[in-house]
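In what follows, a structure is listed as structure tokens, so that the remarks can point back to it.
Below, chain A is the first sequence line, B the second, and so on; all start at residue 1.
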2 protein chains.
Amino acid sequence: MTELEQYVNSYFGVAEAGELAEISSLFKPEMIKKGDYFLLTGKAADRLSFIQTGILRVFVETANKEVTQWISTKGSFITDLSGFIFEKPARWTIQALTDTVLFTIKREDYKKIGVLMPKWHELEKLFIARCFITIEDRIFTHLSMTAEERYALFFEQNKSLFNEVPLQYIASMLGMTPETLSRIRKK
Amino acid sequence: MTELEQYVNSYFGVAEAGELAEISSLFKPEMIKKGDYFLLTGKAADRLSFIQTGILRVFVETANKEVTQWISTKGSFITDLSGFIFEKPARWTIQALTDTVLFTIKREDYKKIGVLMPKWHELEKLFIARCFITIEDRIFTHLSMTAEERYALFFEQNKSLFNEVPLQYIASMLGMTPETLSRIRKK
DNA sequence: GCTTCCACTTGACAAAAATCAAGAACATTT
DNA sequence: AAATGTTCTTGATTTTTGTCAAGTGGAAGC
């Protein structure tokens, strides 16, 4: 089983090998150089990708500052959900923080999966529900924790990320300034 | 068309009248008195309800304080998603802030919808995706706005709620103390 | 090897928000 | 109407976090 197949299976729980191979074959390799963009705010978000290697940052420009919404790493899927599912302009800009290898599926091919495999929509539903539950937890951290507590929790769960990406992006993602993160880390 | 049917239709986009009636018939009326609980953290969350009238508060007890995750009003659905979909113990406690009338569907009946109507899973997927996108926006408000800005935005979109529920719960939901909310409102 | 560019750190200060404590306003019950 | 209980407000203070500005350190390019 390829790594992609393993992940499709673990995220979506597709049991049968033939189906898994069929789905995976719709994903095509794609390379992005460090600093280049996977997606720009306002553009069509017509693809979903699996991160084979590399790190991507999901962010958006506001009047005052750039806000990093999320940092995605090897072994996860990436897209702008609103754009991909509802065919709206992308809300987020997505940039590679390292050289990145993706397996990408176009929206039109993605739609074929649901036709070929009727239970796919249910698996998708479960996948998105898990995403919802995860982000619900994240809201909770903002309602109930200080910056320091949010840092401690995130650091515990993502130690290696701190060597791999600029800390300012992690700070933004945690809802604090780079200075505050720096001071918390000094302790 | 009943109000329930209208909402099922507007949330899930079920086009056909017969299907809509069939789905709606699986929901049964349920009353909850002000102050009573719809769900307790740790218990089985085996039902999904549509709020016909009334207001419910989704919260959880932590070591120091009670954190209100969300306040749900007339015309929306309520459940503990993790508990309902994945059959896990409920993460949230849900309490009625006013006398409330619900239309409730049990998990076992809910599962029947997917069998009777194959496209249901896709509609569900789209519904949950919209929930995800909404909560993603909410994360963004915590990453990029001050307490005052979050208040202003929420007030703009939910003016009437401020006369209907204790402000302390709204404060918690917005990630600030009741005192801070009170001071912001004085302006 | 020097320069340039980032990213990060540090300090001083300002602003935002939390905490603690008291009291006022309001609704509910008796 | 009085009593009770809850919610909200206000003031004083502390803590947390942000802002601004300067400086350090390292990596990439020349």
Side-chain angles (χ1 to χ4, degrees), chain A residues 33-37 55-57 59 61-68 71 95-99 139-155 158-187, chain B residues 33-37 54-55 57 59 61-68 71 95-99 139-155 158-187:
Chain A
K33 283 255 165 269
K34 176 173 176 173
D36 285 353
Y37 294 92
I55 305 177
L56 295 162
R57 174 171 77 105
F59 70 99
E61 295 279 350
T62 73
N64 319 318
K65 55 185 172 184
E66 212 183 76
V67 177
T68 296
I71 296 170
Q95 183 183 30
L97 294 181
T98 64
D99 288 354
I139 289 283
F140 182 79
T141 67
H142 283 276
L143 300 185
S144 66
M145 294 181 181
T146 63
E148 189 164 347
E149 290 166 336
R150 287 198 303 278
Y151 164 75
L153 181 63
F154 186 78
F155 181 70
N158 301 274
K159 281 205 171 69
S160 62
L161 197 61
F162 287 77
N163 310 317
E164 295 166 350
V165 308
L167 296 176
Q168 56 180 318
Y169 301 141
I170 295 178
S172 174
M173 198 191 98
L174 292 174
M176 65 187 81
T177 61
E179 292 94 332
T180 296
L181 180 61
S182 175
R183 289 185 178 108
I184 287 171
R185 280 168 64 78
K186 198 164 63 163
K187 295 187 193 174
Chain B
K33 283 255 165 268
K34 177 173 176 173
D36 285 353
Y37 294 93
I55 305 178
R57 174 172 77 106
F59 70 100
E61 295 280 349
T62 72
N64 320 317
K65 55 185 173 184
E66 210 183 77
V67 177
T68 296
I71 296 170
Q95 183 185 30
L97 293 181
T98 64
D99 288 353
I139 289 283
F140 181 78
T141 68
H142 284 276
L143 300 185
S144 65
M145 294 180 181
T146 63
E148 191 166 347
E149 290 166 337
R150 288 198 303 277
Y151 164 76
L153 181 64
F154 186 78
F155 181 71
N158 302 274
K159 280 205 172 68
S160 63
L161 197 63
F162 286 77
N163 309 316
E164 296 165 350
V165 307
L167 296 177
Q168 56 180 318
Y169 301 141
I170 295 178
S172 175
M173 199 190 98
L174 292 174
M176 65 186 81
T177 61
E179 292 94 331
T180 296
L181 180 61
S182 175
R183 289 186 177 104
I184 287 171
R185 280 168 65 78
K186 197 164 62 162
K187 297 187 191 175

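Taking side-chain N and O atoms only, Thr177(A) has no distance below 4.0 Å to OP1 or OP2 of dT17(D). Applying the 4.0 Å criterion to OP1 and OP2 of dT16(D), one finds that Thr146(A) has every side-chain N and O outside that range. Distances shown here put every side-chain N or O of Ser182(A) at or beyond 4.0 Å from the OP1 or OP2 atom of dC8(C).
With respect to Val165(B), the side chain to side chain contact (heavy atoms under 4.5 Å, CB included) criterion is satisfied by exactly one of Thr68(B), Asn158(B), Ile170(B): Ile170(B).
Following rounding to the nearest Å, Leu143(A) (CG) and dA18(C) (P) show an atom-to-atom distance of 11 Å. For the pair Gln168(B) CD and dT9(D) P, the computed distance is 11 Å after rounding to whole Å. Between the C1' atom of dT15(D) and the CE atom of Met176(A) lies a distance of 16 Å, rounded to the nearest Å. One can place CG of Asn163(A) at 15 Å from P of dG26(D), the figure rounded to the nearest angstrom. Between the CZ atom of Arg185(A) and the P atom of dT17(D) there is a distance of 16 Å, rounded to whole Å. To the nearest angstrom, C1' of dT19(C) lies 16 Å from CG of Leu181(B). Atom NZ of Lys187(A) and atom C1' of dT10(C) are 15 Å apart (whole Å). Residue Ile184(B) contributes atom CD1, which lies 15 Å from atom P of dC8(D) at whole-angstrom precision.
Looking at Glu179(A), its side chain comes within 3.5 Å of the base of dC20(D) through a donor and an acceptor atom.
Nearer to the 5' terminus of DNA chain D, by closest-nucleotide assignment, is the contact made by Pro166(B) (compared with the other of Gly175(A) and Pro166(B)). Residue Leu167(A) is the one, among Leu167(A) and Arg183(A), whose nearest nucleotide of DNA chain C lies closer to the 5' end (criterion: closest heavy atom).
In this structure, Phe162(A) has its ring center closer than 6.0 angstrom to the ring center of Tyr151(A).
Thr141(A) and Arg150(A) form no side-chain donor-acceptor contact under 3.5 Å, judged by distance and modelled atom types alone.
When side chains are defined from C-beta on, Tyr169(B) does not count as touching Leu174(B), because their heavy atoms never get closer than 4.5 Å.
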Test salt bridge (Lys or Arg N to Asp or Glu O under 4.0 Å) on Glu148(A) and Arg183(A); report intermediate values, then the result. CA-CA 10 Å; Glu148(A) 189 164 347; Arg183(A) 289 185 178 108; over 6 Å; no
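Among the nucleotides dT10(D), dT7(D), dC8(C), the one closest to the side chain of Tyr169(B) is dT7(D).
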